Protein chains: 2
Amino acid sequence: MVKAFVTSVDVAQRAGVSRSAVSRTFTEGASVSPEVRRKVLQAAQELGYRVNRLAQGLNNSSSNLVGVVGANLSLPFMAKQLDMLSIGLLRRGLQCLLLNAADARSDIAPLIELIFEFRARAIVVLSGEPPMSIVDECLANGVKLIVINRQLARSDTDIILSDDIAGATLAAERLKAAGCRKVAVVTSGSGTPTQLRRCKAFSDVMTAAGTDIVVWHDGPTTYETGLKAARELLSDRQIDGAFCVTDIMAIGFLDGARNDMGRRVPEDLSVIGFDDIPQASWRSYELTTISQSFEVLTEAVLAALDHELGQSVITNVPVALIERSTVRR
Amino acid sequence: MVKAFVTSVDVAQRAGVSRSAVSRTFTEGASVSPEVRRKVLQAAQELGYRVNRLAQGLNNSSSNLVGVVGANLSLPFMAKQLDMLSIGLLRRGLQCLLLNAADARSDIAPLIELIFEFRARAIVVLSGEPPMSIVDECLANGVKLIVINRQLARSDTDIILSDDIAGATLAAERLKAAGCRKVAVVTSGSGTPTQLRRCKAFSDVMTAAGTDIVVWHDGPTTYETGLKAARELLSDRQIDGAFCVTDIMAIGFLDGARNDMGRRVPEDLSVIGFDDIPQASWRSYELTTISQSFEVLTEAVLAALDHELGQSVITNVPVALIERSTVRR
DNA sequence: CTCTCCCTTGAACACGTGTGCAAATTTGCA
DNA sequence: TGCAAATTTGCACACGTGTTCAAGGGAGAG
């Protein structure tokens, strides 16, 4: 049988004071005399006392937890985002309750409901789309909802969007400047809003310029999908440019183009990606891509936590073209 | 002002039953008549009732939380591990409280104390080393402690170790078979136990065989470190083999060897890594490496959660040589 | 010295849930 | 129908904390 955790009653008894004094000692800005404070701290130290956050949260009817919903956490983009977010939360005194949706297609509603049960202060949705009923529930119960790269048809939720349209436009302009005559757009079959936006904005610019485009989409957002795209698309020898809506697919595409389809990059084929994941700068790729600052994105999420409830703030994360060496100059 | 969450009292009132009935309806195996159950469920549905896990945990003096401590979550190895672990926890009805140590060198004690405050059921340490005082505290308070790839000098903690020694030995044997005469060992400057073990085991086999070795160590466990190692080591043209204790460094090393130092791999130089991260199988690398099954590792962690408290189980995660194309046949 | 004001202290309540116990009700059997 | 057994129900307590409220006590001003 294990002994239970030390409670504030134990500490109070040992320090010879009331339980209130103990509580006040550990509460910022409460009124305790230095003498009592010292005795309490010493007793707490000796007994190994730890505040019970569950009881604390029960009282305040809210915890310091922030629920984070995501999927495919091992993909570089997600991993980087989660890494920075979890650091930022901790630094702000918030704890991260991580719910992994396992599959980008799976319904995230049950996960969000779980977060509700923990009376989390806020919910951050990194992937998947929360149903409207849940958005309502968040608002009704005073839980901040922050959605990343999903455009909800609502005006009472914080939304953080990378500027996909500007990014895709930058990519299109760059490929035009490289003199491409026929370009491919590579996207996954998952049809996430982000990918759709990038795909559409790029296509719009290209068709307006009269450039031939061919849109390819299939499979999940992975390296293998990019590889497959290269193998299927590049039998058409007229294609001399490609916009892959995600770096991870761009890297697969590059490998397929060079190794399987015998293309020289950038001489025969210009390739441009999106996200600027760490691997994009590896020497074997040196992928020209559109970067969205992870720092800015993370800061936007953290800032959103402080926003007034029910007030919608749409934050656009700016993008920039990172010139490396997969597009002809 | 926001309305508070719905409580079991509200539900009981609406359903016209006692609060106990509500509680029992949501408790597995409690005794409720079908009639009452139906009324309660309907009322709960209409009001949007959610059990308050904080109050629940307060009562049971333990929550369903599992604290996970890690660092460098965006490195492929860590990301993959966290991804699988968080899925596995969720599937078992446990929630993942993620604490990011931000820096591999930073002290993880404060993070573990935070986990204590949440009365987590178990603590999983992915990186960093918990001080002995905390190990004691875990045991005293009935909190399961699971440490991955850290050898603690204790017999009352669950420890999960990839079989570094067997892996490093496999790597050494393979390089010997490739006919290498002088091999480099590339390791980071962080000196984690895992890396030290791999380094030592490899060196032991090689020196026993009379092969020349040179050990290089510097910087963090990153791609850039591998790149740097190649630039510094390969001015010595006698080196014809390299064991990088981590795939991420092996990939950097490969890029440096090929692009900066003009080596052909595997003709001039054989390279072997460790971990089998997803990037190792990318077409540009096709890195020969030692794999440790992420599935087995994850399963071991989940299994450890069910072990008796205070009983130590040391699980060895088996390794295997994955032949690709960076070692001469 | 007395009065007032401010700081500190302890008692009591609230937070929302699970559960032991005894009463109430239903079921099973003869 | 009558009785015992089994099931269901409600009351009350416990979990560990924050906080309000009134009482206590000390210091400073007149």
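What you are looking at is a predicted structure, and each value in this text was computed from that prediction instead of being measured. Each chain gets a letter, A, B and so on, in the order the sequences are listed, and its residues count up from 1. All heavy atoms count here, side chains included; hydrogens, waters and symmetry mates do not.
The side-chain heavy atoms of Val125(A) and Ile123(A), taken from C-beta on, include a pair separated by under 4.5 Å. Two residues are said to be in side-chain contact when any heavy atoms from C-beta on lie closer than 4.5 Å; Val135(A) and Leu139(A) fail this criterion. Between Pro193(A) and Asn149(A), the closest side-chain pair of non-hydrogen atoms is not below 4.5 Å. A heavy-atom distance below 4.5 Å is found between the side chains of Gln95(B) and Leu114(A).
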Would you give a per-nucleotide map of nucleotides 11-20 of chain D, 5' to 3', where B means the base has a protein non-hydrogen atom under 4.0 Å away, S means only the sugar-phosphate does, and - means neither?
BB-BBBBBBB

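Checked by atom type, the side-chain pair Ser293(A)/Glu299(A) shows no donor-acceptor distance below 3.5 Å. Side-chain contact of Asn60(B) with Ser62(B): a donor-acceptor pair under 3.5 Å is absent, judged by distance alone.
Looking at Arg92(B) and Asp306(B), a side-chain N of the basic residue comes within less than 4.0 Å of a carboxylate O on the acidic one, giving a salt bridge. The residues Arg53(A) and Glu117(B) are annotated as salt-bridged, a charged nitrogen and a carboxylate oxygen being separated by less than 4.0 angstrom.
Two end axes, each from the C1' atoms of five base pairs, can be drawn for the helix from dC1(C)-dG30(D) to dA30(C)-dT1(D); they diverge by 30°, to 10 degrees.
Ring geometry for Phe116(A) against Phe5(B) counts as perpendicular: the plane angle is over 60°, on a 0 to 90° scale with 30° as the lower cut.
In this structure, the side chain of Ser86(A) engages the main chain of Asp83(A) through a donor-acceptor pair within 3.5 Å.
Of the residues in residues 28-40 of chain A, those placing a heavy atom less than 4.0 Å from an atom of DNA chain C are Ser31(A), Val32(A), Ser33(A), Val36(A), in numerical order.
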